[in-house]
Peer 1: 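Quick one: the structure is below, questions incoming.
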Amino acid sequence: MRLDWWKDGLQVNLHIRPAGFVLAAVYAIACWAARQLSLDQFYLPAGVRVAAVLLCPPRLWPYLLLGEYAYFAQMRYPMVEKYGLTWVILASASLMPAVMLIVRLHRKMMAATKTMWLISVAAASAVVVTSLNLALAHLLWPVPPDMPLVASIGRLIVGDFVGILTIAPLALLWARRHAEPEWTSSFRGQTIAALSLMLMLGMSAMLIPADAMTTKTSVQLLMAVPAIVLTCLHGWRGAAIGVPALNLIIGLTAPSAHPTSFDPATFATQQIMAITGAALFVLGARITHYYHRYRVRDVGERTAIKLARSSHMASEMDLRERAIHLRKLGDGMDMSLGEVVNWLKLQGHHSIASSLLHTSAVHSRQFREQASMVYPTALEQVGLYVALEAGGVREAWDATHRVASPQLGGDPCQLSIELQLAAYRALIDAVSLLLKSESGQIRVRARCGRVGHYQGIFLTAALLDSRSILSEATRALAIERLAGRTLAYGGAMQCHRNRIRMVLMDTPTHTGDLKAQCNPFDAVGAGISGIGSQQALS
């Protein structure tokens, strides 16, 4: 069975794509045009080759091979008599497959990292292509090249590497144009300013006399500054624009009479820029990596805060329905007791009716106080402070004989109902925690106001004795019970000496970074701890 293919033959299905021939022609023309602008020390066709392999899917690679052969055929056919047919065929047929193999071997690295793999692809391609070119030339040319081997290797590797870093990043930037953030007006403006400055410096370097090479080199090196700024501001996208522009301006402004010309001074600058460009790509990749991590974490934090608020409000709405139902039950019981009292009076039992009326009034008031603690419906009409002063929570505090009269400042009605409910629950929980875990009198303070673009409320539940210090168990319970609610509303809580301090922030009136809310105590400053000060939250 294994030899059936030998008898029956092999069936090969070829899918010919007309667009592939167009791709081959475009690739050949691009290589030819890039060659006209290139030097051995600045070889743009190497960048076109790598960029084409990166942009095109593997199914189109055969057409890139066809375009490569067409480009080399028009360029090297006249060289057959001088260098031999074997060299023309082998040197033309081996470069593109080598680059394809390098890209193929980097596929895992390309999937694992964003752009740092590009440096590895560029370096490997430059080394392999240069090695193939020089090895075939020394083996197959009738007369080997007269240039020293080490000098040839250095010039050609740098030329290919610079050419790849000039074309490939732009192709990669184009391929990811929809995956990256939009080009904002600030990004476009900064990019245009940086490119303009680099172009001015390049033109200035051209005007410097040939005998002032030190000055010319210094001006060329200054061109790296805008590229560095773009990289620091925009990560790998800045490097993908700044580094190619830097290499292109230096390469095109080099004095040359033909493609094989060589300028030692420019070559020294290009070596420095090759190292600088590679470093900028690595730096840009790391900046972009950490920026994306920050964005993911920031989006996650925003989503968590949103979900926490939604969960709190859902719980509050459920409690609201229960409180309304309890109030209706109380109204029904009061009505029924009123009918019983009236019947007793009609039957002449006035003393029993009066006693029942007094007892029912006391229990009805206690029932309504407990219902108001389930959900403070008065908060929706008259605000947080009235709910604290006239609701069931105040009666419960007074019954302990340990909670002093609350000191309340500011206008809570400027805050959202959602934030007032969160502040109500947080303050009740803090006082309840101190009542159960600590001894001594308790002082409650609250102040509403604005800090910068944020409006919020500052709450304090403290032991009246300033020399007292909260126990470690109380601190742990306070963090466990209160920190989640305050963080969900852009605030924070602290246990400081004898008090529990909490800040809850409403939605900012202007667009701002939520990171500014992570520790509102830092933003408000030390003055916020003195709740009596008008500068705490004005």
Side-chain angles (χ1 to χ4, degrees), residues 312 316 319 323 326 361-379 382-410 412 415 419-448 456-486 489 491-504 521 528-533 536-537:
H312 290 161
E316 292 292 350
L319 293 175
L326 289 174
V362 173
H363 289 296
S364 176
R365 179 174 59 82
Q366 293 176 347
F367 180 84
R368 294 181 184 278
E369 289 174 357
Q370 293 299 317
S372 69
M373 294 185 68
V374 173
Y375 182 85
T377 53
L379 184 146
V382 292
L384 170 64
Y385 288 170
V386 176
L388 290 174
E389 289 282 5
V393 62
R394 179 61 186 278
E395 296 293 334
W397 288 352
D398 289 344
T400 64
H401 303 290
R402 292 180 55 194
V403 182
S405 179
Q407 300 179 15
L408 311 174
L415 307 176
L419 184 66
Q420 292 185 61
L421 283 171
Y424 178 85
R425 299 298 183 191
L427 191 58
I428 289 178
D429 290 345
V431 174
S432 176
L433 179 63
L434 293 181
L435 288 172
K436 294 179 180 179
S437 303
E438 302 290 336
S439 60
Q441 298 295 310
I442 299 173
R443 178 181 56 195
V444 176
R445 293 178 177 179
R447 177 172 290 276
C448 303
I457 184 169
F458 178 75
L459 307 170
T460 302
L463 300 176
L464 192 60
D465 186 1
S466 60
R467 295 171 297 178
S468 300
I469 297 178
L470 299 180
S471 65
E472 291 297 328
T474 303
R475 292 171 180 265
L477 287 174
I479 294 174
E480 179 181 348
R481 297 181 183 181
L482 304 175
R485 188 180 299 274
T486 55
Y489 289 87
M493 65 85 56
Q494 288 181 353
C495 294
H496 180 70
R497 294 182 60 83
N498 66 324
R499 63 175 66 95
I500 299 174
R501 305 189 303 174
M502 296 171 287
V503 176
L504 285 80
F521 293 106
I528 198 171
S529 61
I531 198 65
S533 173
L537 274 169

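Quick note: numbers below take in every heavy atom, side chains included, and nothing from hydrogens, waters or symmetry partners.
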Peer 1: Between the side chain of Tyr424 and the main-chain N/O of Leu379, is any donor-acceptor distance below 3.5 Å?
Peer 2: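 Checked: no pair found.
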
Peer 1: Please report the closest heavy-atom contact between Leu415 and Cys448, naming both atoms and the distance.
Peer 2: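 Where Leu415 meets Cys448 most closely, the heavy atoms are CD1-SG, 3.9 Å.
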
Peer 1: With a 4.5 Å limit on heavy-atom distance, are the side chains of Gln441 and Asp465 in contact?
Peer 2: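 No, every pair of side-chain atoms sits at 4.5 Å or beyond.
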
Peer 1: Between Leu464 and Ile442, is the side-chain contact (heavy atoms from CB on, under 4.5 Å) condition met? List the steps.
Peer 2: CA-CA 5 Å; Leu464 192 60; Ile442 299 173; over 6 Å; no

Peer 1: With sequence neighbours excluded, tell me which residues meet side chain to side chain contact (heavy atoms under 4.5 Å, CB included) with Ser432.
Peer 2: Lys436

Peer 1: Under the side-chain contact (heavy atoms from CB on, under 4.5 Å) criterion, do Met493 and Ile479 qualify, and how do the steps go?
Peer 2: CA-CA 8 Å; Met493 65 85 56; Ile479 294 174; 4.0 Å; yes

Peer 1: Mind checking the NE2-CD spacing from His496 to Gln494? Nearest 0.5 Å is all I need.
Peer 2: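 Answer for the NE2-CD pair, His496 versus Gln494, is 8.0 Å.
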
Peer 1: For residues Ile500 and Cys495, report the shortest heavy-atom separation together with the two atoms involved.
Peer 2: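 In this case the closest contact between Ile500 and Cys495 is CG1-SG, 4.3 Å.
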
Peer 1: Between Gln420 and Pro412, is there a donor-acceptor pair closer than 3.5 Å when you use the side chain of the first and the backbone of the second?
Peer 2: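 Yes, Gln420 side chain to Pro412 backbone: donor-acceptor pair under 3.5 Å.
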
Peer 1: Heavy atoms, side chains only, cut-off 4.5 Å: are Val403 and Val444 in contact?
Peer 2: yes

Peer 1: Quick one: OG on Ser405 to CZ on Arg443, what's the gap to the nearest 0.5 Å?
Peer 2: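 Reported to 0.5 Å precision, the distance equals 12.5 Å.
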
Peer 1: Apply the side-chain contact (heavy atoms from CB on, under 4.5 Å) test between Ile457 and each candidate in Leu384, Leu427, Val503; give the one that qualifies.
Peer 2: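 One option only clears the test, and that one is Leu384.
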
Peer 1: State which residues pass side chain to side chain contact (heavy atoms under 4.5 Å, CB included) with Arg497; sequence neighbours excluded, sorted by chain then number.
Peer 2: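 Partners of Arg497 under the side chain to side chain contact (heavy atoms under 4.5 Å, CB included) test: none.
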
Peer 1: Of the non-hydrogen atoms in Ile469 and Arg475, which two are nearest, and what is the gap between them?
Peer 2: CG2-NH2, 3.9 Å

Peer 1: Could you report the tightest heavy-atom contact between Leu459 and Ala446, atom names first, then the distance?
Peer 2: CD2-CB, 3.6 Å

Peer 1: Run the salt bridge (Lys or Arg N to Asp or Glu O under 4.0 Å) test against Glu389 and tell me which residues pass, sequence neighbours left out.
Peer 2: Arg394

Peer 1: Apply the test side-chain contact (heavy atoms from CB on, under 4.5 Å) to residues Arg485 and Met502: give CA-CA distance (whole Å), side-chain angles for both, the deciding distance (0.1 Å), then the verdict.
Peer 2: CA-CA 10 Å; Arg485 188 180 299 274; Met502 296 171 287; over 6 Å; no

Peer 1: Side chain to side chain contact (heavy atoms under 4.5 Å, CB included) with Ala476: which residues, sequence neighbours excluded?
Peer 2: none

Peer 1: For Ser471, enumerate each residue passing the side chain to side chain contact (heavy atoms under 4.5 Å, CB included) test, keeping only those at least two apart in sequence or located in another chain.
Peer 2: Glu438, Ala473, Thr474

Peer 1: Please give me the minimum heavy-atom distance between Tyr385 and Gly410, naming the atom from each residue.
Peer 2: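 Heavy atoms of Tyr385 and Gly410 come nearest at CE1-O, 3.4 Å.
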
Peer 1: Does anything in residues 422-431 form a salt bridge (charged side-chain N to carboxylate O under 4.0 Å, His left out)? List the pairs, not counting sequence neighbours.
Peer 2: Glu316-Arg425

Peer 1: Report the distance from atom CG of Leu504 to atom CG of Leu421, rounding to the nearest 0.5 Å.
Peer 2: 11.5 Å

Peer 1: Looking at Leu477 and Ser437, what are the two nearest heavy atoms and their distance?
Peer 2: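 Minimum heavy-atom separation between Leu477 and Ser437: CD1-OG, 4.1 Å.
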
Peer 1: Does any N or O in the side chain of Asn498 come within less than 3.5 Å of the main-chain N or O of Ser468, such that one atom is a donor and the other an acceptor?
Peer 2: no

Peer 1: Answer with yes or no whether the side chains of Arg445 and Gln407 bring together a donor and an acceptor at under 3.5 Å.
Peer 2: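 Yes - a donor-acceptor pair under 3.5 Å links their side chains.
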
Peer 1: For the pair Leu470 and Leu434, evaluate side-chain contact (heavy atoms from CB on, under 4.5 Å) and give the outcome as yes or no after the intermediate values.
Peer 2: CA-CA 9 Å; Leu470 299 180; Leu434 293 181; 3.8 Å; yes

